[in-house]
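Below is one structure, written out as C-alpha cells; comments come after it.
Chain identifiers are assigned alphabetically (A, B, ...) following the order of the sequence lines, protein sequences preceding nucleic acid strands; residue numbering begins at 1 within each chain.
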Amino acid sequence: MPGEPLQADQALLLDDELWEQVVRASDGMASLCYQCGVCTATCPWGLVLKEPLNVRRLIRRAQLGLEVGGDALWLCTTCGLCELSCPRQVAISQVMLSLRRVAWRRRQVPRGLSRVLWDIQFDGNPWGSPPSHRSAWARGLDVPQFSATDHQVLYYVGCTVAYDRRAQRVARALVSLFRAAAVPFGILGDDEPCCGHAARDLGQLEYARHLAQQGAEIFRRAGVRTLVATSPHCYDMFSRHYPPVSDSFRPLHYTSFLAQLVEEGRLCFRPLPWRVTFHDPCYLGRRHGVVGEPRRILRAIPQLELKEMAHTGPKTLCCGGGGGRMWLETEAHARLSHLRVEEAAATGAQVLVTACPHCIACLEDSVKLRGLPLRVMDVAEVAAAALAGGEMP
Amino acid sequence: MTKPLYRPEEAQGVWVYLEHVGKELTPVSRQLLGKARELAQKKGVHLTGVLLGHEISHLVEEAWAYGADVVLWADHPALRRYVTGPYARVVADAVLSYKPDVLLLGATANGRDLAGRLAVRLRTGLTADCVDLAWEEGSGHLVGWNTGFGGGIMAAILCPYHRPQMATVRPGVFPTPQPQPRRGEEVRLPVHLQEADLQVEVEEEALVPPAGIMSAQVLVVGGRGTGGQFDPLWELARLLGGEVGATRVAVDEGWIERERQIGQTGYVVRPKLAIVCGASGAFQFTVGLQDAETIVAINIDKEAPIFEQADYCVVDDLFQVVPALVRIIKEG
C-alpha cells in the first residue's frame with residue numbers, strides 16, 4: 001500500500017545469475033523489451049482467461065533477475081501474435097522458451113513433460129509410440145524407401161502424423177496427390193528422425209539442438225535435397241533451427257509444394273461444391289508467411305467456395321496446440337480452439353480446412369465438444385477428395 | 001565389443017539382489033528368489049541372495065526361507081538407505097570377487113537404478129523388465145523374455161559374451177514361493193567405500209501414493225458414449241477389483257474428476273486389463289493406454305478407431321454389454 005513501509009518479507013531478491021541465464025538462452029532478446037505491454041494486450045489467452053497471460057511482466061521479472069515461473073510460463077503457445085505487434089521486434093517466444101529452459105534447471109516443470117522428452121529419447125517420438133510402427137500408416141500403399149538417385153522429394157511425415165490415426169489420413173492423402181502429379185518421392189520409414197520441435201517448444205533448447213544435429217546428419221547421409229513436411233512445426237525446425245544440411249537442401253511445407261504442382265498444371269481437380277474456410281496454422285501463415293499457397297490449392301478446385309474468418313493470414317488465431325501445449329492440459333472453458341471453431345461456423349462454412357496436425361486435433365476436439373455442424377479437414381485431404389471428385393464428407 | 005571383466009567359463013551361480021522395507025524382504029525379492037531357485041536347480045548351481053543395509057542380520061534367515069543357499073550380506077551405516085554410489089560399489093566388488101553367472105534385480109525404482117549403474121560398471125548387458133526367464137537349450141545362456149515395443153512382439157534377449165547376465169523383473173511377474181524352514185550359508189561382505197561413492201546424502205524419503213488408476217490392474221474406462229452414466233462402469237470395476245478411468249471428454253463434461261483422466265495430458269497407465277466403454281479412441285487418449293496388456297473395447301460404432309488398438313472388440317451398446325458382464329460375474 002502506498003505510504004506504508006515495506007515489510008522485510010516483501011523485499012524483492014534480484015538474481016543476477018538468473019538474468020544472465022535468460023540473456024544467454026534468448027540471445028539477448030529479453031534485453032530489448034522496453035515494457036510497452038502490447039504483447040500482453042495482444043496475447044490470445046486474454047480472450048479466454050479472466051487474467052490474461054502477462055507477457056510484459058514475465059519479461060520484466062526476467063530482466064530484473066526475479067523469480068520467473070509458474071503456470072503462466074507454460075501457457076504460451078508460441079503463436080507469435082505478440083511478436084507481430086512488438087515495436088522492438090523482440091523474439092518473445094524465444095524469450096519464453098529460454099525462461100522454460102531456466103525452469104527445467106530449477107525443476108519447476110509441470111507434471112508429465114519430462115516423460116515427453118524420455119519418449120523422444122527412447123522411442124524417437126514425443127508420443128511414446130513404438131519406433132517399429134512409425135511407417136504403419138503406409139501399410140498397403142507401397143511407398144518406397146527414399147533414395148537420392150530415384151527420388152526428387154523426401155516426404156517427411158513427422159511423429160504426430162505417423163502415429164495419430166486421425167492425422168495418418170493426411171499422410172495417405174498426400175501420397176495420392178504426389179502420385180497423381182507423378183512426383184518421384186520416398187520416405188525414410190522407421191528411420192525417420194523426430195524433428196525435435198516438441199523438445200524445443202518445451203524449453204529443452206540444447207536437447208532440441210542435439211536432435212536437430214542428428215536429423216541433419218541423417219538427411220545429409222541420405223542425400224536429401226527437397227524435403228516436404230506435413231507439419232508446419234517440423235517445417236519450421238528444418239528451415240530455421242537446423243544446422244546447414246547441404247547447399248541443395250530445401251525444406252518445404254507441403255502446401256508450398258502442392259501449390260507449385262498446381263501452378264505447373266500437374267494437379268487437376270474435379271469440382272467439389274463445398275463451402276470451406278481456412279484456418280492458418282501459426283507456424284505457417286504467421287511465422288513463415290505461407291498464406292497464399294494453401295488458398296491457391298483450394299481455389300484450384302472448381303466450385304469450392306472459400307470463406308475467410310475474422311482472424312486470417314498472419315493475424316490468425318492460434319488453435320492452442322503450439323508451444324508444447326499438445327502435451328499440457330487446457331481447462332475446457334479456456335480453449336482457444338473453441339473460439340476458432342465458432343468463428344469458422346459463423347462464416348457458414350461446412351468444412352474447416354487447415355494444414356497442421358496439431359490444429360486438426362484441437363479444432364476437431366472443439367467441434368465435437370461444441371456439437372457444431374462442421375467437418376475439420378486438412379488441405380491435403382480436401383485436395384485428394386477433389387482428385388476423385390469426392391462426395392460431401 | 002567391450003571386453004568382459006571375467007569370462008563366461010569362469011562364471012558360476014545365480015544371484016538375486018534383495019531389497020527390503022521395514023523388517024522384511026520386498027515381495028519382488030521373494031518372487032525373484034522363487035524363480036531363481038528354479039533356475040539354479042535346473043543347472044545344479046547355488047542360489048545366492050545379496051543383501052545390503054544397516055542392522056539387517058535378521059533378514060538373512062528370511063532369504064534362506066525363500067530359497068537362497070547362500071546369503072552375502074553387507075552391514076554398514078552408509079548403507080542404511082539406498083543410495084546409488086555405495087550400493088553399486090559394494091555389489092560390484094562382490095560380483096568381481098565371486099564372478100556370478102546371473103544377477104537378477106527387481107524392476108523397482110531403486111532396483112532399476114542400481115541395475116543400470118552395475119551393468120555399466122561391470123561392462124555387461126542388462127535386460128530390463130523381463131516377463132520370463134529361462135536357460136537357453138544347448139548354450140545354457142540366460143534368456144530374458146521381454147514384451148518389446150508396446151507389447152506387439154515378444155523378444156528373447158541374450159547376453160552371451162559378458163557376465164553376469166543381468167535382468168530386472170517387475171513386481172508381480174513371478175509368484176511368491178512358500179517360505180520353508182531351511183538354513184543356508186552366510187558370508188559377510190566387506191564394505192570399502194571411496195569418497196566418490198559418498199557424494200549423495202539422503203535427507204528424507206517420501207513415498208507418493210500413486211493415483212488409484214496408476215496402480216490398478218484392471219481399469220474400466222468411460223468416454224463420450226457413456227453420456228455421463230458411469231454407474232455401470234463403477235460396478236464392473238468394483239467386481240473386478242479395479243478402478244474407473246475416463247477420456248478427456250468425460251472429464252471436460254464434468255462427469256468425473258480429472259484425476260481419472262487417461263491420455264497424453266492425463267495419466268499414462270499400464271493395467272493388465274482395460275475395458276474401454278464408449279470411447280472412440282482419439283490418439284491423445286490411446287497414447288495413455290498403449291502399454292495396457294489387454295484392451296477390450298465396447299463401442300456402438302464399428303468404425304471407431306479404438307478397435308484398431310483393442311485386442312477384443314465388442315460392437316454393441318455399452319449399456320447392454322456392461323450390465324450383462326456384471327450379471328455374469330455376479331453369477332460366478
Heavy-atom distance under 4.5 Å between the side chains of Pro357(A) and Phe283(B), does that happen here?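 In short, these two side chains do not touch, never coming nearer than 4.5 Å.
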For [X], is the [atom1] atom crowded, meaning more than 12 foreign heavy atoms sit under 6.0 Å from it?
X	atom1	value
Glu257(B)	CD	yes
Trp118(A)	CH2	no
Arg81(B)	CZ	yes

Check whether any side-chain N or O of Gln284(B) sits under 3.5 Å from a backbone N or O of Ala361(A) as a donor-acceptor pair, and report yes or no.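 No: the side chain of Gln284(B) does not pair with the backbone of Ala361(A).
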Would you confirm whether Arg165(A), through its side chain, and Ile306(B), through its main-chain N or O, come within 3.5 Å as a donor-acceptor pair?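 A pair under 3.5 Å: no.
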Please list, one pair per line, the donor and acceptor atoms closer than 3.5 Å that link side chains of residues 319-330 of chain A to other protein atoms, with sequence neighbours excluded.
| from | atom 1 | to | atom 2 | distance (Å) |
| --- | --- | --- | --- | --- |
| Arg325(A) | NH1 | Trp74(A) | O | 2.8 |
| Arg325(A) | NH2 | Glu329(A) | O | 3.0 |
| Arg325(A) | NH2 | Thr330(A) | OG1 | 3.1 |
| Trp327(A) | NE1 | Pro126(A) | O | 3.3 |
| Glu329(A) | OE1 | Arg258(B) | NH1 | 3.4 |
| Glu329(A) | OE1 | Gln261(B) | NE2 | 2.8 |
| Glu329(A) | OE1 | Thr265(B) | OG1 | 2.5 |
| Glu329(A) | OE2 | Arg248(B) | NH1 | 2.7 |

Please classify the contact between Val251(B) and chain A as side chain, backbone, both or neither, with a heavy-atom cut-off of under 4.5 Å.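 Neither; nothing under 4.5 Å.
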Under a 4.5 Å heavy-atom cut-off, does chain A meet the side chain of Glu253(B), its backbone, both or neither?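 For Glu253(B), side-chain heavy atoms alone lie under 4.5 Å from chain A.
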Chain B contact via Asp365(A) - which portion, at a heavy-atom distance below 4.5 Å: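 Interface part for Asp365(A): side chain.
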Side chain / backbone / both / neither for Phe122(A) at chain B, heavy atoms under 4.5 Å: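 No part of it gets close to chain B.
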Kindly compute the distance separating CZ (Arg111(A)) from OH (Tyr267(B)), expressed to the nearest 0.5 Å.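 Separation between the atoms: 4.5 Å.
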Against chain A, work out which of Glu308(B), Arg224(B), Gln264(B) has the most heavy-atom pairs shorter than 4.5 Å and name it.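 Highest number of pairs under 4.5 Å: Gln264(B).
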Quick one: salt bridge (Lys or Arg N to Asp or Glu O under 4.0 Å) pairs with a partner in residues 350-364 of chain A, sequence neighbours left out?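 Qualifying pairs, neighbours excluded: Arg166(A)-Glu364(A).
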Under 4.0 Å between a Lys/Arg side-chain N and an Asp/Glu carboxylate O for Lys368(A) and Asp252(B)?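 Not counted as a salt bridge, because no side-chain N and carboxylate O are separated by less than 4.0 Å.
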